[in-house]
Amino acid sequence: MNKVFSFIRINNQSKDLGILVLRILPGYFFIVNHGWSKILNPNKWEKLGSAFTKYFYGLLDFANPIFGFAAAFSESICAILILLGLFTRSASFLASITMLVAALNHITTTGSPEKAWLYFSIFLAIFLLGPGKYSIDKLLFTSKEN
């Protein structure tokens, strides 16, 4: 056990490995358990969008499918981007906003907001930390001098 702790203290790569795990596992579960079925079923977009537009007292109801698609997009396509580490900050920002709306929806209706808050905190942390060393972003967008 001491070897593990000394590896973590001494090795600078442990942070990047932690970010990689933080991206891959929640990204995978987000796609499989939430996003994929929503992006493939446009009939769900109206209901998904109403979770956001209900706070505007009917003024934005016409946009329910648009906001529903945005939620489905962030829970599927953005989750894939986070998993791969491609456009990570943008994708994690969109996913965290979606989870913030989901948590607020659960608070004001029925259900537990716990899962939405967990995903919100994970994607917010990824947004703040960045993609890490083991990402496509690092390969594509880091200059050779750095």
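All values reported here derive from a predicted model rather than from experimental measurement. Residue numbers start at 1 and run along the sequence shown.
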Participant: For R23 and I126, indicate whether the former's side chain and the latter's backbone hold a donor-acceptor pair under 3.5 Å.
Facilitator: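 Flag not set: sc R23 to bb I126 has no pair under 3.5 Å.
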Participant: Which atom pair, heavy atoms only, marks the closest approach of A72 to S76?
Facilitator: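 Scanning both residues completely, I find the closest heavy atoms to be O-OG, 2.6 Å.
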Participant: Examine I80 and Y134 and state if one hydrophobic cluster contains both, with Ile, Leu, Val, Met, Phe, Trp and Tyr joined whenever side-chain heavy atoms are less than 4.5 Å apart.
Facilitator: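 Per the 4.5 Å side-chain linkage, I80 and Y134 are not co-clustered.
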Participant: I need the minimum non-hydrogen distance between A91 and C78, along with the two atoms involved.
Facilitator: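 That closest heavy-atom pairing would be CB-O, 3.6 Å.
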Participant: Which value, rounded to the nearest 0.5 Å, describes the distance between I77 atom CD1 and I31 atom CD1?
Facilitator: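 It comes to 8.5 Å.
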Participant: Closest approach of P42 and L40, non-hydrogen atoms and distance?
Facilitator: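 Where P42 meets L40 most closely, the heavy atoms are CD-O, 3.4 Å.
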Participant: Is it the case that one hydrophobic cluster holds both L129 and L17, taking links as side-chain heavy atoms less than 4.5 Å apart, direct or via other members?
Facilitator: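 No, L129 and L17 fall in different hydrophobic clusters.
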Participant: If you count every heavy atom of other residues, nucleotides or ligands that lies below 6.0 Å from F141 atom CZ, does the total exceed 12?
Facilitator: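 Enclosed.
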Participant: Looking only at atom types and distance, does a side-chain atom of S74 sit under 3.5 Å from a main-chain N or O of A71, one as donor and one as acceptor?
Facilitator: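 Looks like yes, one N/O pair under 3.5 Å.
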Participant: Can you check side-chain contact (heavy atoms from CB on, under 4.5 Å) on N33 and F30, steps first, answer last?
Facilitator: CA-CA 6 Å; N33 296 328; F30 206 46; over 6 Å; no
Participant: Measure the CZ-CG distance between F52 and L104 for me, rounded to the nearest 0.5 Å.
Facilitator: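 The CG atom of L104 is 10.0 Å from CZ of F52, to the nearest 0.5 Å.
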Participant: With sequence neighbours left out, which residue pairs that include part of residues 50-78 fulfil the salt bridge (charged side-chain N to carboxylate O under 4.0 Å, His left out) condition?
Facilitator: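 Counting only pairs at least two positions apart or across chains, the salt bridge (charged side-chain N to carboxylate O under 4.0 Å, His left out) contacts touching residues 50-78 are K38-E75.
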Participant: How about F67 and E46: do any of their side-chain heavy atoms sit closer than 4.5 Å?
Facilitator: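 Counting from C-beta outward, F67 and E46 never come under 4.5 Å.
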Participant: Quick one: side-chain contact (heavy atoms from CB on, under 4.5 Å) partners of F127, sequence neighbours excluded?
Facilitator: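 With sequence neighbours excluded, F127 shows a side-chain contact (heavy atoms from CB on, under 4.5 Å) to R89, S92, F93, L124, given in chain and number order.
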Participant: Applying ring-ring contact (aromatic ring centres under 6.0 Å, His included), name anything that partners W117, two or more places apart in sequence or on another chain.
Facilitator: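 By the ring-ring contact (aromatic ring centres under 6.0 Å, His included) rule, W117 matches F120.
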Participant: For H106 and S112, work out which heavy atoms get closest and say how close.
Facilitator: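 Between these two residues, the closest heavy atoms are CG-O, 3.8 Å.
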Participant: With heavy-atom distances below 4.5 Å as the criterion, would you say the side chains of Y55 and N105 are in contact?
Facilitator: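 Side-chain contact under 4.5 Å: yes.
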Participant: Linking I/L/V/M/F/W/Y whenever any side-chain heavy atoms sit under 4.5 Å apart, do L20 and L25 land together?
Facilitator: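 Each belongs to a different hydrophobic cluster.
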Participant: Please check if M99 and I24 belong to a single hydrophobic cluster, counting links between Ile, Leu, Val, Met, Phe, Trp and Tyr side chain heavy atoms closer than 4.5 Å.
Facilitator: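 Per the 4.5 Å side-chain linkage, M99 and I24 are not co-clustered.
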Participant: So how far is it from I66 CD1 to L48 CG, rounded to the nearest 0.5 Å?
Facilitator: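 Atom-to-atom, I66:CD1 and L48:CG are 14.0 Å apart.
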Participant: Does the side-chain contact (heavy atoms from CB on, under 4.5 Å) test come out yes or no for T88 and I136, once each step is laid out?
Facilitator: CA-CA 9 Å; T88 308; I136 296 175; over 6 Å; no
Participant: What is the minimum heavy-atom distance between G130 and I19, and which atoms define it?
Facilitator: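 Looking at all heavy atoms of both residues, the closest pair is O-CG2, 3.5 Å.
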Participant: Can you hop from L81 to L140 via hydrophobic side chains spaced under 4.5 Å?
Facilitator: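 Yes; L140 is reachable from L81 via cluster members.
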Participant: How are the rings of Y119 and H34 set relative to one another: parallel (under 30°), tilted (30 to 60°) or perpendicular (over 60°)?
Facilitator: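 The rings of Y119 and H34 stand perpendicular, inter-plane angle above 60°.
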Participant: So, N64 versus S50: side-chain donor-acceptor pair below 3.5 Å or not?
Facilitator: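 Not at all, the side chains of N64 and S50 share no donor-acceptor pair under 3.5 Å.
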Participant: Please report the shortest heavy-atom distance between W45 and P65, naming the atom on each side.
Facilitator: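 Here W45 and P65 meet closest at CB-O, 3.8 Å.
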